[in-house]
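These numbers come from a predicted model, not from an experiment. So that the names make sense, note that chain A is the first sequence line, chain B the second, and so on, each numbered from 1.
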Amino acid sequence: MNLYFDNAATSWPKAPGVAQALFNNIKSMKGSPGRSHSYDSDRLVFGVRQSLADLLGTDDSSRIVFGLNTTQMINTAIRGILKQEDHVITTSMEHNAVSRTLRYMEKQAGIKLTVVQSSPEGFADIDSILKRITERTKMVVINHASNVTGAVNSLHYIGNILKDSNAFFMVDAAQTIGAVDIDVKQNNIDLLAGPGHKNLLGPTGIGFLYISERCKPDPLVFGGTGSFSDSDFQPEVLPDCYESGTPNIPGLAGLSASLDYIRTTGVTSISKSKTRLSEKMLEGLLCIKGLKMYGPGTSRNRLPVFSFDIEGKDIVDVAEMLNKNHGVITRVGLHCSPWAHQTAGSYPEGTIRISPGLFNTDEDMHVMFKALEHSARNC
Amino acid sequence: MTNGDVIVLMQTVHLHMLMESILEKEGISFQTRIKPRQLGTDCGMALEVDFDDIDRIKTIAERKNILIFGFFTRCNDNWKQYIPD
């Protein structure tokens with residue numbers, strides 16, 4: 001039997017009802033949304049958009065646009081807005097989805113990039129970010145929570161400062177949407193990208209981007225939308241502008257079911273469960289001899305995403321033993337976030353990352369800690 | 001069921017779906033159909049409603065700040081824009 005502890009990569013198991021929704025959709029639902037007699041598909045897409053808008057605290061669900069994943073949505077926002085000489089501020093904890101896109105724009109489009117050093121635990125230095133904002137600053141991009149250390153950043157101050165400036169506030173919510181309450185209006189967020197398959201507990205293949213009234217990125221992809229078909233030009237209206245081609249309808253059906261589950265359970269309740277998981281993780285990890293943890297040492301302002309290495313041991317050997325001898329699935333390496341590992345002090349080797357999910361039981365945790373203790377001692 | 005005398009066109013599928021959900025909540029009869037060729041050549045859709053409900057729909061749309069592209073009434077084999085008061 002396998003015990004899955006890589007929920008920061010993708011959640012498993014998915015929310016109750018997701019698998020059935022996918023099956024039912026493929027079996028029964030006909031048609032591509034926006035294309036003639038596809039009313040049921042249209043209603044499905046609309047319903048998911050409404051649910052996400054409710055979750056994010058916005059009234060206008062046309063401002064939620066769908067794509068393949070968070071990375072594609074981050075690309076849409078960054079590449080669709082930034083132009084030559086635009087100044088961008090980001091943090092040293094960003095995932096490659098942000099860092100590579102910004103580096104590409106720096107090299108190819110001539111944007112000016114400022115990377116503000118975060119703390120080794122993974123918290124953004126908000127004061128330093130705010131001090132670096134100039135009249136040329138077009139965007140501040142921040143990781144809401146680190147996929148390496150689990151540190152959760154405060155969004156309110158940055159949003160509040162930027163709301164009266166020319167700069168847009170962009171949030172990578174890959175690790176937090178569904179696990180932490182996020183209100184785009186209260187936090188003055190202009191752009192927020194997130195996945196359906198992590199803490200929203202839905203299937204892979206769906207990402208979304210919230211776009212505020214203040215900004216209008218150029219679309220990344222052009223093509224058929226089912227609307228304004230007599231025009232050679234991409235529709236300017238939302239959400240059509242950003243949704244060319246046939247969407248992932250079964251994925252959206254699955255996400256619809258998982259959003260029902262999230263709504264019924266409540267993000268506040270899920271957030272409390274996550275804090276309890278963090279407490280258990282801290283308690284268990286600190287008992288492992290030679291273990292060095294990277295990230296916040298308390299359960300406050302953190303997600304249950306834990307990175308560590310073991311003194312004198314090869315992390316790959318430990319992870320392999322965990323998997324082969326005990327069936328415990330973790331994630332080892334740089335987690336697509338070399339900047340974060342440089343910041344935390346775990347670069348270039350990387351870490352073993354354990355990220356329990358909402359459905360991991362106390363017994364799962366107990367077995368995992370025993371397995372880790374054994375692997376750390378014997379590999 | 002409606003008598004199919006009036007078409008309400010929204011600018012996008014999203015707004016069409018939004019209007020559908022509102023009409024449903026308000027208990028106003030409607031039927032979704034393909035947009036008549038005379039009113040557009042894309043693959044969009046239209047809402048069939050009753051003539052008697054036009055004013056109510058217009059009021060609701062104004063209250064909720066939803067842009068209606070237009071009301072159209074059947075006129076022989078064609079559709080003619082109808083502008084409510």
(request) Check each atom of S61(A) against the heavy atoms of chain B and say whether the ones under 4.5 Å are side chain, backbone, both or neither. (result) both

(message) A quick test of your reading: do over 12 heavy atoms of other residues, nucleotides or ligands sit less than 6.0 Å from CZ of F69(B)?
(response) no

(request) Hey, could you give me the CD/CE distance between Q50(A) and M17(B), rounded to the nearest 0.5 Å? (result) 11.5 Å

(message) For Q81(B), I'd like to know if atom CD has over 12 heavy atoms of other residues, nucleotides or ligands within 6.0 Å.
(response) yes

(request) Flag yes if more than 12 heavy atoms outside K216(A) fall under 6.0 Å of its NZ atom; otherwise flag no. (result) yes

(request) Please state whether the side chain, the backbone, both or neither of D42(A) comes within less than 4.5 Å of a heavy atom of chain B. (result) both

(message) Tell me which of these, T12(B), V13(B), I34(B), has more heavy-atom pairs under 4.5 Å with chain A than the rest.
(response) I34(B)

(request) Check whether more than 12 heavy atoms from other residues, nucleotides or ligands sit under 6.0 Å from atom CD of E236(A), and answer yes or no. (result) no

(request) Please flag which part of L15(B) lies under 4.5 Å from any non-hydrogen atom of chain A: side chain, backbone, both or neither. (result) neither

(request) Compare every heavy atom of T32(B) with every heavy atom of Y39(A), then report the nearest pair and how far apart it is. (result) CE2-CG2, 3.3 Å

(request) Indicate the atoms forming the closest heavy-atom contact of S229(A) with C43(B), along with that distance. (result) OG-N, 4.2 Å

(request) Using a cut-off of under 4.5 Å on heavy-atom pairs, state which of R33(B), H14(B), Q11(B) scores highest against chain A. (result) H14(B)

(message) Please check if the number of heavy atoms outside N160(A) that lie under 6.0 Å from its CG is greater than 12.
(response) yes

(message) If you count every heavy atom of other residues, nucleotides or ligands that lies below 6.0 Å from Q186(A) atom CD, does the total exceed 12?
(response) no

